[in-house]
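Just so you know, these numbers come straight off a predicted model, no measurement behind them. All values below were derived from every heavy atom in this structure, side-chain atoms included, with hydrogens, water molecules and symmetry-related copies excluded.
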Amino acid sequence: MLCQDRAPIYEALEEFRRKRVVPFDVPGHKRGRGNPELVALLGEKCVGMDVNSMKPLDNLCHPVSVIREAETLAAEAFGASSAFLMVGGTTSSVQSMILSVAKRGDKIILPRNVHRSVMGAMVLCGAVPVYVNPECDERLGIALGMRPSAVKKAILEHPDAKAVLVNNPTYYGICSDIHQIVHLAHTHGMLCLADEAHGTHFYFGDGFPLSAMAAGADMAAVSMHKSGGSLTQSSFLLTGPAMSEGHVRQIINLTQTTSGSYLLLSSLDISRRNLALRGKSSFAEVVRLAEYARSEINEIGGYYAYGRELVNGESIYDFDITKLSINTLEVGLAGIEVYDLLRDGYDIQVEFGDFGNILAYLSIGDRLRDVERLVSALSEVRRRFGAPGRTLMRQEYIAPHVAVSPQEAFYAEKETLPLKKTIGRVCCEFLMCYPPGIPILAPGEQITKEILESVEYARKKGCLMTGPEDAEIQQLNVMK
């Protein structure tokens, strides 16, 4: 057992700061002296630790000392064979997973409700998606998990696939039977990858769904800056014994910066230490807050803050009870409308709103008084703005028709057409609401009337639409 109360990167930075080394290297602000406004914003200590790679501080691309030690500590804390400190967000971790196991023409079995980073990796490496279309909950209008039977069917129909990728959990807290999916993949000679961006806390608490590493997954992307408490854009990539550490590092180095931020690296180091030492008690409090909030919100009427009662052992194998996902349709408001009302009228920023749900993201920094303020605001929103009986769109997930691979479509000869004239054509770019960043359209998919109706509805309700070249999203690029 390693000593988890160490934070080697942070300790090395503190030692370096005490030496008052004269900087004739980058960054050019020279510990903030060249940019006093930056110092005023971030503070002297922060800009003083914004330093470049050097021998005493190791090198992220080829760690041999303090970064290497931090990675070893993280691997033990998460029960992984290896851990990599990532400063390009969990997007970088997810893309490194896929680039590590697939090349042009290789198949990966995955659900369609994946984050845009997954499809971006498909464009980069030329892999071909084999979709396991998730079931949907008609009341909530959300995509659910992957049924093992559906995964098995896809595996048998595509025995040449290289890997199976699973979201665990989804943005809404839905978990698949990852243990069974890992078993199916390995039995048929495939690897299992987990996008575990929203499941950092699974490794540090009692009563949570099974973590990817505990289930035997080969790789997992873990977003420490979400529930783990580190700075935005910092993440871990975890690997199991089947993966070559050297190969994975080479893949990471293809796209990750050679100038890794020591602010991000030290935040990963400190946050890992915090969770290893205090995570279990901290997340027990998060669970208590979430359960209290669910109970209070469901007492308001109209809203439905859902939890483990959804579990059916198949498409919803388990539920992450820290996720405060709230359906709003019975109040007569789309989720995105409640999202806007909370922010603009009550100074409450929730994680996202979709057609029928909002997500209030709870983690180790939340307090009871803040939860009570949210409950009170939701009650007032219902009283002031609720309109039961309104017809609202429920369905969010639309099964895609994949015409060509994402890479082929993205780099194809294309033409730009008004949205209404793209029906039947093959899309060359991404289109999504962000957050949550699940593409409504991805390169290579055929555009349908149903998809365009969904896009138009999302725009009318105020969803932030991103992806296409056309910032106004009046036109789309399609294959010629």
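The stretch residues 422-448 participates, sequence neighbours left out, in no ring pair (Phe, Tyr, Trp, His ring centres under 6.0 Å) pair at all. Within the structure, ring pair (Phe, Tyr, Trp, His ring centres under 6.0 Å) pairs that include any residue of residues 254-283 comprise H201-F283 (at least two apart or interchain). Among residue pairs with one or both ends in residues 359-379, none qualify as salt bridge (Lys or Arg N to Asp or Glu O under 4.0 Å); sequence neighbours excluded.
The closest side-chain heavy-atom distance from E415 to M479 is not below 4.5 Å. Considering only heavy atoms from C-beta on, F208 stays 4.5 Å or farther from D318 through its side chain. L374 places a side-chain heavy atom less than 4.5 Å from the side chain of L342. Considering only heavy atoms from C-beta on, T170 stays 4.5 Å or farther from L144 through its side chain. Contact of the M146 side chain with the N167 side chain is not registered, since no non-hydrogen atoms from C-beta on lie closer than 4.5 Å.
For the salt bridge (charged side-chain N to carboxylate O under 4.0 Å, His left out) test, no residue two or more places apart in sequence or in another chain qualifies with E44. Under the side chain to side chain contact (heavy atoms under 4.5 Å, CB included) criterion, S325 pairs with Y172, Y306, K323, L359, sequence neighbours left out. Scanning for ring pair (Phe, Tyr, Trp, His ring centres under 6.0 Å) contacts around Y339 gives an empty result, with sequence neighbours left out.
The only member of L476, L441, I440 that meets side-chain contact (heavy atoms from CB on, under 4.5 Å) when paired with V455 is I440. Only one option out of V47, D50, N35 pairs with P27 in a side-chain contact (heavy atoms from CB on, under 4.5 Å); it is D50.
The structure places CG of N357 at 4.5 Å from CG of D354, a figure rounded to the nearest 0.5 Å.
No side-chain donor-acceptor contact under 3.5 Å links S295 and N298. Side-chain contact check for E469 and N477: at least one donor-acceptor pair (N or O, by modelled atom type) lies under 3.5 Å. Looking at Y361 and H198, their side chains do bring a donor and an acceptor atom within 3.5 Å of each other. Between the side chains of S223 and S235, no donor N or O sits under 3.5 Å from an acceptor N or O.
Aromatic rings of F236 and F84 (six-membered ring for Trp) have centroids beyond the 6.0 Å cut-off, not under it.
Residue H29 places its NE2 atom among more than 12 non-hydrogen atoms of other residues, nucleotides or ligands, all under 6.0 Å distant. Within a 6.0 Å sphere centred on CD of E309, heavy atoms belonging to other residues, nucleotides or ligands number more than 12. Within 6.0 Å of atom CD in Q349, more than 12 heavy atoms from other residues, nucleotides or ligands are found, so the atom counts as buried in its surroundings. Around atom CD of E299, no more than 12 heavy atoms belonging to other residues, nucleotides or ligands sit under 6.0 Å away. Under a cut-off of 6.0 angstrom, the local environment of NZ in K460 is sparse, with at most 12 non-hydrogen atoms contributed by other residues, nucleotides or ligands.
Closest heavy-atom contact between I358 and L378: CD1-CD2, 4.1 Å. Looking at every heavy atom in both residues, I98 comes nearest to C125 through CG2-SG, 4.1 Å.
The closest donor-acceptor contact from the side chain of S266 to the backbone of L263 lies under 3.5 Å. Between the side chain of R273 and the main chain of L73, no donor-acceptor pair closer than 3.5 Å is present. A donor-acceptor pair under 3.5 Å links the side-chain atoms of Q233 to the main chain of V87, judged by distance alone. At least one donor-acceptor pair under 3.5 Å links the side chain of N312 to the backbone N or O of S315. Checking side-chain atoms of D269 against main-chain N and O of A70 turns up no donor-acceptor pair under 3.5 Å.
A salt bridge links E14 and K45; the closest N-O separation between the charged side-chain nitrogens and carboxylate oxygens is under 4.0 Å.
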Assess whether side chain to side chain contact (heavy atoms under 4.5 Å, CB included) is satisfied between I178 and Y317, documenting all intermediate values. CA-CA 9 Å; I178 189 169; Y317 185 77; over 6 Å; no
Evaluate the salt bridge (charged side-chain N to carboxylate O under 4.0 Å, His left out) criterion for residues K461 and D340: first the C-alpha distance (whole Å), next the side-chain angles of each, then the deciding distance (0.1 Å), finally the verdict. CA-CA 10 Å; K461 291 299 181 183; D340 286 339; over 6 Å; no
Applying salt bridge (charged side-chain N to carboxylate O under 4.0 Å, His left out), run through E285 and R278 and close with a yes or a no. CA-CA 11 Å; E285 176 62 16; R278 294 173 286 275; over 6 Å; no
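No cation-pi contact links R382 to Y303, judged by a cut-off of 6.0 Å to the six-membered ring centre and 45° from its axis.
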